[in-house]
Amino acid sequence: MIAVILFFITLVFIIWQPRGLKIGTIAVVGAIISFAAGTVNLQDVFTVVHIVWDATLAFIGIIILSMALDEIGFFEWCAIKMANLSRGNGNYMFVLSLLLGSCVSALFANDGAALILTPILLAKMRILKLNEKTILSFVLAGGFISDSASLPFVFSNLTNIVTVDFFHVRFFEYFLTMGIPYLVSTVFSIALLWLILRKDIPKQIDIGLLKNADDVLKNKKLFYLSWIFLFVLLISYFIGDFYHIPVSVFALGGGLLFLLLSSYFKVTKPVRILKEAPWQIVWFSVGLYIVVYGLKNAGLTEFLSHIISYFAGYGNAVLIVATGFISAILSSVMNNMPTIMIMNIATHSMPNELLKYANIIGANLGPKMTPFGSLATLLWLHILSQKGIKISYARYCKFGIIITPPILLIVLLSLLAQTLF
């Protein structure tokens with residue numbers, strides 16, 4: 001009970017963040033109290049650090065890269081090009097904006113899509129003089145796609161990296177397994193989001209109000225080089241996989257290298273970007289995982305293992321779907337980071353190779369059912385609130401609960417379908 005109480009108190013403070021306390025600070029305090037209370041020991045702390053170091057450093061690298069690209073106008077250029085490609089057709093613009101969000105989420109992680117792309121798209125929609133109802137529809141859809149599309153690469157979501165490191169999954173193996181679920185998730189998410197929100201999407205939008213895309217670029221030469229850089233970086237992940245090189249070597253190394261490159265072109269200020277990078281995520285990942293490890297020691301993961309094993313008796317399809325939904329429900333209630341950690345431990349000894357992928361899918365999509373399901377969503381809501389877009393928790397939950405379960409089911413079935421071929 002002590003481990004459970006400490007976990008929920010820590011989680012409440014992370015969501016609440018009283019007096020401006022940072023999430024990393026709260027998680028570390030929770031970890032220290034857990035250690036003092038005896039729910040974890042020193043060996044557990046070393047085990048946790050070994051599990052999360054690669055994931056947290058990779059995540060920091062991706063965010064640094066995203067911030068540097070944002071500084072040169074990369075994402076704003078993409079947003080304007082997307083609008084121009086729609087030729088002013090509101091439905092086309094809705095679909096294209098979600099496709100852009102899907103690509104950004106896949107390549108720059110869900111947090112990059114939610115926290116960097118969202119303010120840019122919001123600013124463009126206001127320039128286009130769209131009404132608040134239309135803006136809200138675009139924003140809600142973009143927020144959803146940022147998580148539902150964070151599946152194809154190891155670095156697309158922090159949950160992916162943690163799981164891959166925990167189970168020692170190869171980068172290429174992960175990509176081959178999650179490529180189809182990513183495509184299915186993107187297509188069906190866009191289709192269902194359009195079906196539900198179509199009444200709020202105008203037929204025509206005056207795109208002539210937007211700037212010329214090239215005018216937002218701070219340095220065109222660096223912009224063109226950035227495309228080559230991203231392509232080489234992506235190829236490097238696959239090459240690194242062959243030599244068993246950790247993902248963080250390329251993610252953090254690539255982020256820092258591009259930061260130096262952009263500094264050479266006098267476009268960015270490295271000190272400022274490094275200062276603004278989310279270093280609190282490092283302490284958050286280590287601290288919260290230590291608290292979660294106390295739950296494992298208390299027997300929670302063993303209890304979940306028994307539940308998952310029960311569903312195994314009903315066949316592979318039921319097992320995969322049940323695992324995904326258990327992960328999704330837990331993520332929506334107690335945040336996806338502790339959920340992915342707990343479920344990884346719970347499924348570690350089970351022979352079914354697809355369980356870890358079902359867990360990832362559930363942990364990536366499940367948080368969209370509640371506003372506190374992931375830290376990215378909480379930060380996203382905070383940014384929108386600062387920009388004058390207020391979404392109540394009740395409205396968000398209503399939207400998320402309608403959208404998430406059917407898409408989650410379809411994506412889990414697409415994962416299962418791969419075993420048939």
Side-chain angles (χ1 to χ4, degrees), residues 1-61 63 109 111 157-167 246-248 252 277-305 327 330-348 359-360 363 367 372-379:
M1 283 302 297
I2 294 175
V4 173
I5 292 170
L6 284 175
F7 168 75
F8 279 106
I9 290 176
T10 303
L11 190 60
V12 167
F13 272 84
I14 286 171
I15 295 170
W16 180 23
Q17 294 181 44
R19 298 183 180 275
L21 279 174
K22 302 294 185 181
I23 57 171
T25 304
I26 296 169
V28 168
V29 170
I32 293 171
I33 295 173
S34 297
F35 182 77
T39 60
V40 294
N41 56 43
L42 192 58
Q43 183 57 48
D44 293 332
V45 174
F46 289 136
T47 301
V48 166
V49 172
H50 176 72
I51 291 172
V52 304
W53 74 268
D54 185 40
T56 51
L57 291 181
F59 179 80
I60 292 293
I63 296 300
D111 297 86
N157 198 313
L158 189 56
T159 58
N160 304 357
I161 309 174
V162 169
T163 302
V164 164
D165 283 347
F166 187 82
F167 289 99
V247 171
S248 60
L252 183 57
W279 296 105
Q280 281 281 322
I281 293 295
V282 176
W283 316 120
F284 169 77
S285 298
V286 175
L288 188 60
Y289 211 155
I290 289 171
V291 177
V292 168
Y293 217 81
L295 295 178
K296 179 256 184 188
N297 293 339
L300 176 61
T301 53
E302 187 177 348
F303 173 70
L304 285 172
S305 295
S327 179
L330 287 176
S331 293
S332 68
V333 173
M334 61 184 231
N335 195 270
N336 66 337
M337 277 306 292
T339 295
I340 200 74
M341 298 168 181
I342 290 170
M343 289 290 287
N344 282 343
I345 298 170
T347 58
H348 184 248
N359 181 25
I360 289 173
F372 43 80
S374 69
L375 285 171
T377 302
L378 287 169
L379 293 170

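Predicted model only: the values in this text are computed from it and were never measured. All heavy atoms count here, side chains included; hydrogens, waters and symmetry mates do not.
- Atom CD1 of Ile2 has 12 or fewer heavy atoms from other residues, nucleotides or ligands within 6.0 Å.
- Residue Gln17 places its CD atom among more than 12 non-hydrogen atoms of other residues, nucleotides or ligands, all under 6.0 Å distant.
- Of the candidates Ile23, Val28, Ile26, Val28 is the only one forming a side-chain contact (heavy atoms from CB on, under 4.5 Å) with Trp283.
- Using a 4.5 Å heavy-atom cutoff, the side chains of Ser285 and Phe59 are not in contact.
- No donor-acceptor distance shorter than 3.5 angstrom exists from the side chain of Thr56 to the backbone of Val282, with no hydrogens or angles considered.
- Screening residues 12-43 for ring-ring contact (aromatic ring centres under 6.0 Å, His included) gives Phe13-Trp16 as the qualifying pairs, with residues at least two apart or on separate chains.
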Practice task
Kindly determine whether Met337 and Val162 satisfy side-chain contact (heavy atoms from CB on, under 4.5 Å), including the steps that lead there.
Solution key: CA-CA 9 Å; Met337 277 306 292; Val162 169; 4.1 Å; yes

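- Put simply, the side chain of Phe284 reaches to within 4.5 Å of the side chain of Ile14, judged on heavy atoms.
- Proximity of a side-chain donor or acceptor of Ser305 to a complementary backbone N or O of Ala346 within less than 3.5 Å is detected.
- Going from atom CD1 of Ile345 over to atom OG1 of Thr301 covers 5.5 Å, rounded to the nearest 0.5 Å.
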Exercise for the section: Go through the steps to decide whether Phe7 and Leu300 satisfy the test side-chain contact (heavy atoms from CB on, under 4.5 Å), and finish with yes or no. Expected result: CA-CA 12 Å; Phe7 168 75; Leu300 176 61; over 6 Å; no

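- Qualifying ring pair (Phe, Tyr, Trp, His ring centres under 6.0 Å) partners for Phe167, counting only residues two or more places apart in sequence or in other chains: His348.
- Of the possible polar contacts, none joining the Asn297 side chain to the Val40 backbone as a donor-acceptor pair under 3.5 Å is found.
- When atom types are taken as modelled, the side chain of Ser331 and the backbone of Pro367 share no donor-acceptor pair closer than 3.5 angstrom.
- Note: Asp54 CG to Ile161 CD1 = 7.0 Å, rounded to the nearest 0.5 Å.
- Listed by first and then second residue, the side-chain hydrogen bond (donor to acceptor under 3.5 Å, both in side chains) pairs that reach into residues 21-43 come to none, sequence neighbours excluded.
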Problem - Working for side-chain contact (heavy atoms from CB on, under 4.5 Å), residues Ile51 and Asp165 - result: CA-CA 7 Å; Ile51 291 172; Asp165 283 347; 5.7 Å; no

Exercise for the section: Step by step, work out the side-chain contact (heavy atoms from CB on, under 4.5 Å) result for Leu330 and Leu304. Expected result: CA-CA 11 Å; Leu330 287 176; Leu304 285 172; 4.2 Å; yes

